[in-house]
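One structure is given below, encoded as structure tokens.
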Amino acid sequence: MANLESEQHSSEMEEMKKKSKKRARDEAKKLEQPAVDDAESEEIRATSDEELKKKKKKKKKSKKVKLEEQDNGEEEITAISDEEPKKDEKAKLEEQDNGEQEEEKETSGSGIMTNETFESLGLSDHTYKSIKEMKFSRMTQIQAKAIPPLMMGKDVLGAARTGSGKTLAFLIPAVELLYHVRFSPRNGTGVIVICPTRELAIQSYGVAKELLKYHSQTVGKVIGGENRKKEAEILVKGVNLLVATPGRLLDHLENTNGFVFKRLKFLVMDEADRILEQNFEEDMKKIIKLLPKTRQTALFSATQTSKVEDLARVSLSLPVYIDVDEGRKEVTNEGLEQGYCVVPCAKRLIFLLTFLKRFHTKKKIMVFFSTCKSTKFHAELFRYIKIGCLEIRRGIDQSKRTATFFEFIKAETGVLLCTNVAARGLDIPHVDWIVQYDPPDDPTEYIHRVGRTARGEGAKGKALLVLTPDELQFIQYLKAAKIPVEQHEFEEGKLLNVQAFLEKMMSENTALGLSAKEAYKTYISGYDSHSMKDVFNAHRLDLKDVAASFGFTSVPNVALKIDREGGRGYRSKREDAYRRPRGGRSGFRGGGRDGGRSYMMY
Ligand SMILES: Nc1ncnc2c1ncn2[C@@H]1O[C@H](COP(=O)(O)OP(=O)(O)OP(=O)(O)O)[C@@H](O)[C@H]1O
């Protein structure tokens with residue numbers, strides 16, 4: 001049986017190689033030959049030796065394994081276990097890949113690695129050399145399943161858990177395609193990768209740049225918040241592989257004269273379910289209308305919604321459906337220890353403060369908030385009381401956001417306060433804790449947030465969800481979505497006794513008080529727009545308790561706009577909401593709340 005399978009596999013691989021070469025020959029014929037001089041293409045490639053050296057240095061640093069001191073000196077504050085997450089799992093994995101350890105891991109239902117090698121794909125020498133330099137030799141499951149059909153030119157709808165290597169699964173075929181059809185800058189853009197957030201686009205662009213390091217093809221990014229004019233100049237020179245966020249991409253497609261995209265061969269939507277949500281939908285409709293229709297398309301995400309399926313049905317041609325984790329008992333990663341703590345609303349702030357005070361110099365922690373203003377206020381407050389922290393949210397200048405992103409990537413320990421802009425796709429090494437201080441909008445969002453830790457084979461991490469007693473029902477939704485969460489005891493006696501101190505500070509510090517008011521206001525309106533009204537109902541909030549959680553002694557005098565219906569009607573912030581976290585139901589079939597709608601516009 002094993003032999004039969006492997007024979008079948010090698011004949012499939014042979015066929016794939018043949019087809020991919022034939023496709024490349026056909027495509028290359030269609031393209032005009034390179035007519036741009038080397039100096040010009042060098043300039044656009046932006047992969048100078050200088051940058052490469054810097055990157056290698058950075059990579060080495062991030063791989064460095066720090067042995068943290070055992071934390072015996074301090075008194076336990078909460079019942080949350082303080083066992084060391086192993087920071088060296090990824091390094092270990094890479095060592096194995098190098099052949100430094102003899103034992104090869106078997107492909108298993110739960111592991112993400114396979115025994116299939118990148119070498120077996122018959123990639124171009126240039127691409128293979130880059131992959132070797134990344135120290136990867138074996139493919140993850142999504143890579144082994146998605147790369148061959150993509151290299152044959154097929155459309156793919158791919159789902160695999162967070163941190164399982166989806167980025168290379170679409171970027172390797174993209175790079176190979178550009179190479180085989182001999183794209184040059186004057187041919188314009190041959191591949192577009194759309195990402196929902198700026199940081200994710202920057203990260204994917206970085207991986208694409210590494211893969212294209214030995215190729216002559218050019219790579220670039222266009223993202224909101226960056227210098228539009230500079231981007232336009234680079235686009236006009238010819239960017240073969242373009243990574244973009246939707247709004248800025250649409251802007252260039254519509255307004256940048258000389259941006260050549262009529263030869264687009266391959267469109268990728270990373271985090272496709274997010275890209276097809278309400279706030280991107282209009283842009284996406286227009287983008288798809290403007291792009292050439294004859295092209296290959298791939299949609300990837302760790303979670304799928306009916307919208308992605310609808311798009312796949314109407315827009316992909318005979319797509320290959322890949323669901324690596326179908327049938328798994330849990331949708332989150334094995335190395336992830338997930339807990340929740342039921343904290344009375346009025347104690348929320350001191351709970352968080354106690355947690356951060358204890359861990360902020362020893363662990364790498366991401367804390368999720370529901371609104372920008374709340375993130376901003378907590379960052380100001382924590383810095384004021386000497387708990388150092390970084391923040392990523394909308395409303396911060398993009399260059400600062402990018403700098404913060406890279407600072408946190410490099411950090412061994414520290415705290416990042418963020419909104420959902422950091423929930424998806426970000427590959428930040430060695431995050432120990434994901435704290436969801438404000439609850440996610442639905443289980444799907446929960447999965448992406450906790451997916452920022454325990455990434456890759458064997459990696460470990462912890463996640464803590466803070467819920468008030470009124471929100472406890474959310475746990476049932478998580479369990480129904482195959483997310484295993486354990487309750488941690490809330491021990492009030494172990495909280496820092498600082499509520500009165502905070503309230504005094506807030507009344508004396510006008511700037512902080514104002515920021516707290518804004519945060520309080522947006523917290524409540526954000527709560528009111530929550531999609532799961534049966535669990536998160538703004539009308540059940542005790543405003544005095546909420547005020548205490550922002551450091552107020554009494555309810556601040558601010559105008560609140562909340563839904564007068566009292567949450568009886570179901571008002572969705574998100575189209576697909578919580579019903580379809582991937583894994584909660586198998587495969588890609590069936591409709592969610594919008595299951596009956598058709599997305600012919602794509
Ligand atoms: N074949 C491989 N062997 C070992 N490590 C790999 C391999 N492929 C990718 N990785 C590493 O695994 C990590 C996660 O990869 P990636 O960011 O592509 O995950 P993802 O599936 O896109 O996650 P998310 O759903 O959160 O976006 C990265 O650090 C990447 O470098």
Side-chain angles (χ1 to χ4, degrees), residues 55 58-59 62-63 89-98 104-105 107 111-121 123 128 130-147 158-172 174 193 195-197 199-208 210-211 243 268-275 298-304 322-325 331-333 335-336 366 409 420 422-431 434 444-459 461 581-583:
K55 184 137 199 172
K58 212 186 262 180
K59 209 168 173 183
S62 78
K63 274 185 211 149
E89 290 297 340
K90 189 176 163 202
K92 258 198 224 158
L93 183 69
E94 283 166 355
E95 274 173 22
Q96 281 178 359
D97 283 344
N98 270 338
E104 280 274 289
K105 278 202 168 137
T107 305
I112 60 163
M113 296 306 297
T114 67
N115 282 331
E116 288 171 48
T117 61
F118 286 107
E119 196 175 10
S120 71
L121 291 170
L123 302 172
Y128 186 55
S130 297
I131 295 171
K132 275 203 300 200
E133 282 181 12
M134 291 176 191
K135 305 263 189 284
F136 301 148
S137 66
R138 288 178 299 134
M139 287 184 271
T140 64
Q141 291 195 35
I142 185 69
Q143 291 161 357
K145 286 187 174 156
I147 295 174
R161 72 187 89 162
T162 54
S164 63
K166 291 185 286 295
T167 316
L168 283 179
F170 57 76
L171 281 181
I172 290 173
V193 176
C195 303
T197 68
E199 282 75 17
L200 182 54
I202 291 168
Q203 180 182 290
S204 303
Y205 163 75
V207 179
E210 275 192 84
L211 276 181
V243 184
V268 181
M269 288 187 214
D270 192 11
E271 307 292 346
D273 54 332
R274 176 79 186 95
I275 288 174
L299 313 175
F300 278 87
S301 186
T303 51
Q304 299 289 0
I322 301 166
D323 187 357
V324 165
D325 301 320
V331 293
T332 42
N333 294 335
L336 181 62
M366 287 174 82
I409 282 180
N420 275 338
R424 282 186 180 244
L426 298 191
D427 189 37
I428 300 170
H430 313 317
V431 175
I434 300 296
T444 297
E445 196 169 279
Y446 175 100
I447 291 169
H448 285 279
R449 283 173 167 191
V450 299
R452 297 318 100 215
T453 185
R455 296 172 66 74
E457 183 88 340
R582 210 197 50 69

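None of the values given here were measured: they were computed from a predicted structure. In listed order, ligands and their atoms are each counted from 1.
- For ligand 1 and Arg452, the ligand atoms under 4.0 Å from any heavy atom of the residue are 26 (O).
- Judged by the shortest distance from any of its heavy atoms, Lys135 lies outside the 4.0 Å radius around the atoms of ligand 1.
- Close N/O approach between Gly165 and ligand 1 is found [any backbone or side-chain N/O within under 3.5 Å].
- Using a 4.0 Å cut-off to heavy atoms of Arg138, the atoms of ligand 1 that qualify are 1 (N), 2 (C), 3 (N).
- Contact annotation: the side chain of Thr162 approaches that of Arg452 to within less than 4.5 Å [non-hydrogen atoms, C-beta and beyond].
- Note on ligand 1: Phe300 sits outside its first shell, no heavy atom being nearer than 4.0 Å.
- In this structure, Leu168 and Leu211 have side chains that are in contact, with non-hydrogen atoms separated by less than 4.5 Å.
- Of all the listed residues (Phe170, Phe118, Phe136), Phe136 holds the heavy atom that lies closest to atom 10 (N) of ligand 1.
- At a 4.0 Å cut-off, at least one heavy atom of Met113 sits close enough to ligand 1 to count as contact.
- Checked against a 3.5 angstrom limit, the closest N/O atoms of Thr167 and ligand 1 fall inside it.
- Under a 4.0 Å heavy-atom criterion, Gly456 is not in contact with ligand 1.
- Judged as a side-chain contact (heavy atoms from CB on, under 4.5 Å), and not counting sequence neighbours, the contacts of Ser204 are Thr167, Cys195, Leu200, Val243, Asp270.
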Pair Asp323-Gln304, side chain to side chain contact (heavy atoms under 4.5 Å, CB included): steps then yes or no: CA-CA 10 Å; Asp323 187 357; Gln304 299 289 0; over 6 Å; no
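- Of all atoms in ligand 1, listed by their number and element, those nearer than 4.0 Å to a heavy atom of Gly425 are 24 (P), 26 (O), 27 (O).
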Trace of the side chain to side chain contact (heavy atoms under 4.5 Å, CB included) decision for Thr197 with Gln203: CA-CA 10 Å; Thr197 68; Gln203 180 182 290; over 6 Å; no
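- Proximity of Arg424 to ligand 1, defined as any heavy-atom pair under 4.0 Å, is not found for any part of the residue.
- Neither the backbone nor the side chain of Glu457 comes within 4.0 Å of ligand 1, counting heavy atoms alone.
- Counting heavy atoms from C-beta outward, Arg455 and Asp427 have side chains that approach closer than 4.5 Å.
- Per-residue contacts place Arg455 under 4.0 angstrom from the following atoms of ligand 1 (heavy atoms of the residue considered): 14 (C), 16 (P), 17 (O), 19 (O), 20 (P), 23 (O), 24 (P), 26 (O).
- Taking a cut-off of under 4.0 Å to the non-hydrogen atoms of Asp427, the atoms of ligand 1 that pass are 13 (C), 14 (C), 17 (O), 28 (C), 29 (O).
- Atom numbering of ligand 1 starts at 1 in the shown order; those under 4.0 Å from a heavy atom of Lys166 are 18 (O), 19 (O), 20 (P), 21 (O), 22 (O), 23 (O), 24 (P), 25 (O).
- Checked by atom type and distance alone, the side chain of Thr453 never pairs as donor or acceptor with a backbone atom of Ile434 at under 3.5 Å.
- Nearest heavy-atom pair, Thr114 versus Arg138, reported as atom, atom and distance to 0.1 Å: O-NH1, 3.2 Å.
- Close to ligand 1: Glu271, with a non-hydrogen atom less than 4.0 angstrom away.
- Geometrically, ligand 1 and Gly163 share a nitrogen or oxygen pair separated by less than 3.5 Å.
- Side-chain contact between Glu271 and His448 is present, with at least one heavy-atom pair separated by less than 4.5 Å.
- Residue-ligand proximity: Met134 is placed with every non-hydrogen atom at 4.0 Å or more from ligand 1.
- In this structure, Thr117 and Met139 approach most closely via the heavy-atom pair O-CE, 3.3 Å.
- Annotation for ligand 1: atoms under 4.0 Å from non-hydrogen atoms of Arg161 are 21 (O).
- With sequence neighbours left out, the side chain to side chain donor-acceptor pair (under 3.5 Å) criterion links Arg449 to Asn420, Gln436.
- Lys166 places none of its side-chain heavy atoms less than 4.5 Å from the side chain of Val324.
- Taking every non-hydrogen atom of Ser164 and a distance limit under 4.0 Å, the qualifying atoms of ligand 1 come out as 19 (O), 20 (P), 21 (O).
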